[in-house]
Amino acid sequence: MTPDPNLNPPQREAVLHGAGPLMVLAGAGSGKTRVLTQRIATLVDRGVPSYRILAVTFTNKAAGEMRERLHKLLGERAQGMWVGTFHATCARLLRVHAAAVGLTRDFAIFDDDDQKKLVAAILKELDVSERITPRAVLSRIDRARNAGDDPGALRSRDYIDDVVRRAFPLYAARLLKENAVDFNDLLLKVVDLCHHAEVGPELAGRFRHVLVDEFQDTNLVQYRLVKHFSKEHGNLCVVGDDDQSIYGWRGAEPRNLLDFDRDFPTARVVKLEQNYRSTRVILDAANAVIAKNVDRHAKALWTDRRGGEPVLVEECMDERAEADFVAQGILGLRSQEHRGDGDFAVLYRTHAQSRALEEALRARRIRYRVVGGISFFQRREIKDITEYLRLIVNPQADTAFERVVNVPTRGIGDTTVDKIRAYARGAGVPLLEAARGAVAGAPIGLGAAAQRKLQTFVELIDGLRALVAAGPAVATLVSEIIDRSEYRARLEIEDAVDGPDRVRNLGELVAAAAAFDAEAGEHASLTEFLERVSLTASADDKDGRGECVTLMTIHAAKGLEFPVVFLTGLEEGVFPALREGDGDDDMEEERRLAYVALTRAKDRAILTYARTRRSYDQIRRNAPSRFLVDLPPDAVAVRARRPAPAPVRPAMAPRPARVPDYDDAERAPAADEPVYYLDDEGEDDAVFPRGALVRHRIFGVGEIEQGSGRGPDRKLTIRFPGHGVKTIVARFVERVA
DNA sequence: GTCGTCCCGGGTTCC
DNA sequence: CCGGGACGAC
């Protein structure tokens with residue numbers, strides 16, 4: 001194998017070879033993932049069987065990339081290696097040893113949504129008086145469990161602890177009854193396996209080398225797991241950067257990384273401080289921002305790349321002007337520096353900020369994609385269909401039953417379900433079984449009509465279960481569910497606004513199932529498909545950065561790099577975004593987030609802030625972000641005001657940063673307000689005026705009563721004779737004469 | 001049982 | 001401004 005030119009000889013020796021605990025403290029852009037991959041390849045080269053190697057990453061995406069690289073380096077020899085997220089790894093182990101913790105190998109995985117719904121139902125049963133959100137209860141449950149405590153034995157310090165104490169046993173019982181685990185259980189059950197008399201030692205001896213990427217993101221449970229997996233040989237290699245710890249709010253423990261050498265006194269420690277990604281200027285800016293943090297391993301990133309364009313700071317009037325500036329900047333750099341759209345990333349602190357940006361990009365016909373937001377598999381229509389699947393696989397899945405029994409509406413309402421529930425509880429059977437009993441005539445007080453409707457549902461499920469027995473492809477089953485339940489048909493008729501999108505999503509679900517079938521071949525199992533759905537957060541595995549601008553949160557950008565990065569919304573209260581009760585630690589995390597954002601950029605970083613920003617229908621005036629103040633003056637070019645949106649000037653001479661002050665914000669808006677929308681606007685009112693006749697695919701011809709919004713998303717209120725008044729998005733109708 | 005209206009609350013999000 | 005949940009009217 002070719003030695004990595006990026007490592008000096010002692011580093012190479014330490015990182016690529018050798019046994020025992022190893023910690024690699026690697027700065028942003030130092031090629032840490034590549035180093036990790038090379039170490040794995042070296043291990044295989046030296047005779048470690050690939051199936052005895054476990055590599056854990058933080059995201060599916062990172063796992064996929066690592067697998068790809070390993071395949072390139074090792075070819076067939078990469079087969080059988082365990083490369084995946086903690087959750088995927090634990091799911092795999094748990095399927096094998098399910099019986100040891102009271103599950104069957106078909107267990108289901110509950111996502112956040114399922115968990116919240118279940119807790120909400122339990123809170124209702126408990127008749128909890130004060131307003132307590134399921135979210136709050138769940139986070140206490142998780143906190144206790146992760147600390148190794150039983151939430152059901154919580155010492156009540158306040159009312160909510162008391163609620164948690166009562167709710168948790170019910171929650172755990174419901175999961176067990178449905179043969180399900182939540183995300184946290186997935187790991188905790190494997191911790192239980194580690195203590196199991198037979199399975200524990202087996203797991204400890206299963207892998208010869210354990211490697212963990214992004215170690216600063218691991219929580220205590222995950223750390224416990226890898227310690228167990230490596231306790232016989234101590235071959236635990238962790239790679240991470242404490243400056244990039246941005247998941248503290250969900251239990252990540254950067255101490256796992258920082259104290260690694262305390263837990264493993266014999267650990268070798270390698271620091272990788274050379275950055276191969278960014279220009280000197282960008283790195284200086286990032287270093288200056290992170291230097292203000294107290295709680296960190298001091299590390300000084302350096303680079304061979306000299307100079308670079310100054311970091312540009314742009315003050316904008318409001319979020320629309322900001323979006324406009326970004327769009328205009330992309331056009332400018334596209335022509336002046338011959339950049340493709342795929343070279344650009346636009347980052348923001350929260351998803352809500354994407355809207356104005358999208359509008360500005362759309363107005364200029366710049367292709368973009370938004371990463372994250374609501375993930376594909378979380379969409380309502382997708383969730384509905386997968387819950388059908390779950391009920392079909394497991395007739396005990398009561399939560400699935402409750403979700404789909406009246407979806408699409410088939411006249412089975414709360415009253416009917418309440419009766420079924422009462423009957424089920426009395427008889428000690430699952431809801432589906434109880435429903436079957438009611439259809440067969442069990443006297444639970446259902447009227448004839450309700451009984452008939454319930455029968456339709458039970459027959460639907462039983463028909464689909466019979467189909468499963470014939471061993472169909474997953475895609476076939478999914479599309480049968482969509483058809484037989486009349487889900488698609490009802491969407492088409494009843495949901496004129498979102499229906500077409502939803503129907504398209506269902507099509508994509510069938511396509512995803514078909515891809516799964518193709519991949520899994522003969523052995524495609526429904527359980528595995530459902531697992532894939534639960535463990536896959538985003539559907540954009542297509543790796544489709546392609547030729548479009550990428551919009552995403554800073555969190556989503558971790559691990560990625562782009563030639564040009566726009567970092568938007570640098571305002572106090574937006575970024576850093578702090579809430580009441582947040583402390584210094586939270587501010588340090590915000591600062592790390594800024595560090596991550598800046599270090600994504602290879603050639604150019606362009607920072608923007610808006611003097612006023614509209615949020616929740618309120619216009620807020622924010623001070624410029626403190627992070628701007630921290631930027632080193634000689635690395636930055638500030639343009640405080642500009643007359644109108646103009647292309648970014650390519651080679652602006654650096655000048656001292658002028659720290660923006662509050663007086664700026666008091667200035668009156670200039671008369672020459674920028675033009676936000678370049679095309680289409682205004683035309684729609686002419687194309688779809690009140691009183692105009694339009695044709696819709698399903699409802700036929702109707703008359704426009706009202707319109708709101710603009711562009712292809714303009715909403716029209718239309719009266720269709722025979723169908724009543726519907727609100728429909730303009731692109732789904734055409735003007736008639 | 002379903003549909004409309006009102007009110008509330010609204011970070012980041014991997015798995 | 002948005003969506004979801006709760007509640008009252010057909």
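Values in this document were obtained by computation on a predicted structure and should not be read as measured data. Chain identifiers are assigned alphabetically (A, B, ...) following the order of the sequence lines, protein sequences preceding nucleic acid strands; residue numbering begins at 1 within each chain. Side-chain atoms are counted along with the backbone in the values below, which use heavy atoms only and exclude waters and symmetry mates.
- Atoms CZ (A:R613) and P (C:dC1) sit 18 Å apart, rounded to a whole Å.
- Stacking is not found between A:F58 and the pyrimidine-like six-membered ring of the B:dC15 base under the 5.5 Å centre-distance and 30° plane-angle cut-offs.
- With a 4.5 Å cut-off on side-chain heavy atoms, A:F575 and A:L593 count as touching.
- Residue A:T553 places no side-chain N or O under 4.0 Å from the OP1 or OP2 atom of B:dG11.
- Contacts between residues 408-422 of chain A and DNA chain B, defined by a heavy-atom separation under 4.0 Å, are made by A:T409, A:G411, A:G413, A:D414, A:T415, A:T416.
- Residue A:R355 places at least one side-chain N or O under 4.0 Å from the OP1 or OP2 atom of C:dC2.
- The shortest distance between side-chain heavy atoms of A:F627 and A:L598 does not fall below 4.5 Å.
- By the 4.5 Å heavy-atom criterion applied to side chains, A:L560 and A:K61 are counted as neighbours.
- The residue A:Q353 sits apart from the nucleic acid: no heavy atom pair falls under 4.0 Å.
- Nearest-nucleotide mapping onto DNA chain B: of A:I554 and A:K453, the residue sitting toward the 5' end is A:K453.
- Remark: A:N406 is in phosphate contact with B:dT2, judged by side-chain N or O atoms under 4.0 Å from OP1 or OP2.
- Evaluation of atom-type donor-acceptor distances gives no pair under 3.5 Å for the side chain of A:N60 against the base of B:dC15.
- Between the CG atom of A:N184 and the P atom of B:dT13 there is a distance of 19 Å, given to the nearest Å.
- Checked by distance alone, A:E589 brings no side-chain donor or acceptor within 3.5 Å of a matching partner on the base of B:dG11.
- The shortest distance between the side-chain N/O atoms of A:H351 and the OP1/OP2 oxygens of B:dT13 is below 4.0 Å.
- Straight-line distance from the CG atom of A:N219 to the C1' atom of B:dC15: 11 Å, rounded to whole Å.
- Among the protein residues, A:F86 comes within range of no part of the nucleic acid, since none of its heavy atoms lies under 4.0 Å from any strand.
- Using a 4.0 Å cut-off between charged nitrogen and carboxylate oxygen, A:R626 and A:E572 count as a salt-bridge pair.
- What separates CZ of A:R379 from P of C:dG3 is a distance of 13 Å, to the nearest Å.
- Salt-bridge annotation for A:K383 and A:D114: present, with a side-chain N of the basic residue lying under 4.0 Å from a carboxylate O of the acidic one.
- For the pair A:E572 CD and B:dG11 C1', the computed distance is 16 Å after rounding to whole Å.
- If you take CD of A:Q222 and C1' of B:dC14, they are 10 Å apart, rounded to a whole angstrom.
- We find that CG of A:D182 is positioned 16 Å from P of B:dC15, with the value rounded to whole Å.
- Of the candidates A:Q244, A:Q222, A:K558, A:K558 is the only one forming a side-chain hydrogen bond (donor to acceptor under 3.5 Å, both in side chains) with A:D217.
- In A:D414, the CG atom is not crowded: 12 or fewer heavy atoms of neighbouring residues, nucleotides or ligands sit closer than 6.0 Å.
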